[in-house]
Amino acid sequence: MARILIVDDSMMMRKTLRTILQRAGHIVTAEAANGDQAIMYYANHRPDLVTLDITMPGMNGTEVIKKLREIDPDANVVIVSALGQKHIIFEALQNGAKNYILKPITEDKLLAVVNMVLTHSCDSPTPA
Amino acid sequence: MLDQYFIHYLLNKGILTHRQVHDVLAYERAVRVRLGLLAINAGLMTAAQVEEVHRLQRSRDKQFGALAVEKGFLTDEQLAGLLETQKQGHLPVMQAVVDKDYLSLEQLAVHLAAFRLENELTIQEWRASQPVDTEKIIRLLADFSPAGSLADTYYDYIALLFRNIVRFLNDTPVILWPPPQKDANADDWLVTQVVAGDVTIATGLAMRESVLLEVASRFSGETIRQADEMATDCVAEFLNVHNGVFGGNLSELGIAVDLEPQHISKTVERNDETGYRVAIGLSFGRIDVLLSVPAERS
């Protein structure tokens with residue numbers, strides 16, 4: 001079970017992600033509809049993982065990752081992206097995203113990626 | 001392919017309404033035996049493998065058979081055999097027109113003769129016609145040639161949208177060409193998204209509120225009765241997913257694009273519309289697809 005922050009400008013996507021994650025036993029600590037909210041909620045809640053829409057009005061996903069990593073260099077960020085955005089995903093991974101998931105979202109796909117990132121995160125040595 | 005073209009001919013000549021055409025295509029689709037079912041029946045694939053291929057089809061623009069071969073579930077030879085079996089059980093759309101009592105056999109024969117004459121088709125060519133190919137139908141009915149180098153991209157875009165309407169909205173689209181006159185409420189809502197990169201296209205879907213609610217309901221799998229944020233988000237997400245698959249297809253051709261955030265708005269009267277408007281008929285109404293090069297980038 002992990003504490004998860006959902007960041008997506010689409011209410012439909014937030015609802016879909018929340019339903020799947022909660023059904024799997026995770027706790028959705030907050031939902032942000034834009035980058036500014038995401039940074040504020042991350043600082044307040046310090047979730048174990050963030051699902052982050054890469055395409056949002058205003059601050060885009062890569063900019064959000066950079067800000068999140070200023071708050072927490074070990075932030076576990078999973079990018080949520082439509083197909084056909086390879087180079088934006090690559091840029092996000094280069095900037096510290098841990099993994100990505102392509103729309104349309106399915107339960108299997110989402111939980112596999114979330115669990116993989118959380119498992120690797122647990123395996124990592126905790127900084128002193 | 002030609003029987004599908006013929007059905008569009010009947011539509012565009014006003015012989016059948018778009019709802020009747022939709023009924024015919026849906027009936028034909030329902031009667032056609034699915035390849036996955038045939039594969040299970042022949043003991044070539046398990047239900048789980050068929051499901052896996054169906055899931056893949058939602059994110060990759062490939063036919064069932066091609067994906068099944070790619071996954072190693074079928075060989076090329078097995079696929080060819082299944083396609084042949086499917087063809088034998090295929091109900092031509094013309095049969096469906098008669099079964100649905102939209103035209104008598106005599107009326108059908110008259111229109112068919114006129115269609116063949118108009119399109120200069122011999123009986124041999126008619127009989128040799130291939131199974132349905134959406135892109136070919138769109139190329140026959142729509143004319144994007146003034147778009148020059150973007151014409152092929154527009155044809156591909158509309159053909160993919162047809163496939164995604166089947167995949168995500170479970171409906172059978174028909175192209176209305178030339179587009180019928182805009183009615184006062186046709187553009188209640190407009191969702192747009194720019195696909196930007198090596199090629200840049202402004203894409204949009206305009207629709208009545210009733211159509212917006214049905215698209216939202218079908219895409220989300222929930223009943224949505226109000227045109228609230230949830231409803232508009234669902235339609236915007238449908239466009240986003242479609243454009244994402246389109247971007248993936250372009251990427252396979254070495255063309256890099258990104259998607260900008262979608263915008264959705266209640267439409268105001270637009271007198272400055274440029275580009276192309278393609279009307280797509282669905283069982284629950286009409287969606288107009290808008291394609292253009294954004295003004296500041298043309």
Side-chain angles (χ1 to χ4, degrees), chain A residues 6-20 23 31-38 51-64 79-95 97 100-113, chain B residues 48 51-52 54-61 157 160 164 167-169 191 193-199 215-217 219-222 224 228-264:
Chain A
I6 295 171
V7 185
D8 203 305
D9 62 312
S10 159
M11 181 192 274
M12 177 217 169
M13 284 305 301
R14 295 198 301 272
K15 186 179 175 194
T16 302
L17 292 166
R18 181 176 69 234
T19 303
I20 296 173
R23 199 185 292 147
E31 295 177 19
N34 56 51
D36 290 326
Q37 282 182 0
T51 67
L52 175 63
D53 180 18
I54 198 79
T55 308
M56 291 187 295
M59 204 186 302
N60 71 30
T62 302
E63 290 168 323
V64 176
I79 292 297
V80 177
S81 165
L83 277 166
Q85 299 194 276
K86 273 185 197 164
H87 87 262
I88 288 193
I89 294 172
F90 185 66
E91 191 185 327
L93 292 169
Q94 278 188 317
N95 280 284
Y100 66 92
I101 179 165
L102 299 176
K103 295 176 188 175
I105 302 287
T106 64
E107 187 157 355
D108 293 352
K109 221 158 54 169
L110 174 65
L111 295 179
V113 169
Chain B
E51 270 307 308
E52 186 178 340
H54 284 161
R55 270 201 305 275
L56 276 173
Q57 277 191 292
R58 291 175 68 84
S59 57
R60 294 182 59 192
D61 180 34
Y157 187 90
L160 176 64
N164 281 336
R167 283 175 191 146
F168 296 110
L169 305 183
V191 53
Q193 184 171 43
V194 173
V195 178
D198 293 343
V199 294
V215 170
S217 298
F219 188 64
S220 66
E222 294 180 15
I224 295 177
D228 53 13
E229 188 183 347
M230 183 67 177
T232 56
D233 270 0
C234 289
V235 178
E237 225 18 73
F238 168 65
L239 180 64
N240 190 43
V241 167
H242 163 65
N243 282 338
V245 179
F246 177 63
N249 288 355
L250 289 178
S251 168
E252 287 182 9
L253 300 172
I255 300 167
V257 291
D258 289 318
L259 307 181
E260 295 186 358
Q262 315 93 301
H263 296 281
I264 189 153

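Quantities reported herein were computed from a predicted structural model and do not represent experimental measurements. Below, chains carry the letters A, B, ... as their sequence lines are ordered, and counting in each starts from 1.
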Quick note, salt bridge (Lys or Arg N to Asp or Glu O under 4.0 Å) partners involving residues 238-258 of chain B, not counting sequence neighbours, are none
Under 4.5 Å to a heavy atom of chain A? For F168(B) that would be side chain
Hits for side-chain contact (heavy atoms from CB on, under 4.5 Å) against T16(A), two or more places apart or cross-chain, chain-then-number order -> M12(A), I20(A)
Turns out that what part of M56(A) lies under 4.5 Å from chain B's heavy atoms comes down to backbone
Bottom line for L250(B): the part with an atom under 4.5 Å from chain A's heavy atoms is neither
Taking every heavy atom of P57(A) against every heavy atom of P261(B), the minimum-distance pair comes out as N-CG, 3.7 Å
Between the OG atom in S10(A) and the CD atom in E229(B), the distance rounded to the nearest 0.5 Å is 8.0 Å
Self-check item: Within 6.0 Å of NZ in K15(A), more than 12 heavy atoms from elsewhere
Solution: no
Expected contact set for residues 231-238 of chain B against chain A at heavy-atom separation under 4.5 Å reads D233(B), C234(B), E237(B)
Under a 4.5 Å heavy-atom criterion, the part of residues 100-107 of chain A in contact with chain B comprises K103(A), P104(A)
Given R55(B), E222(B), Q262(B), the one with more heavy-atom pairs under 4.5 angstrom with chain A than any other is E222(B)
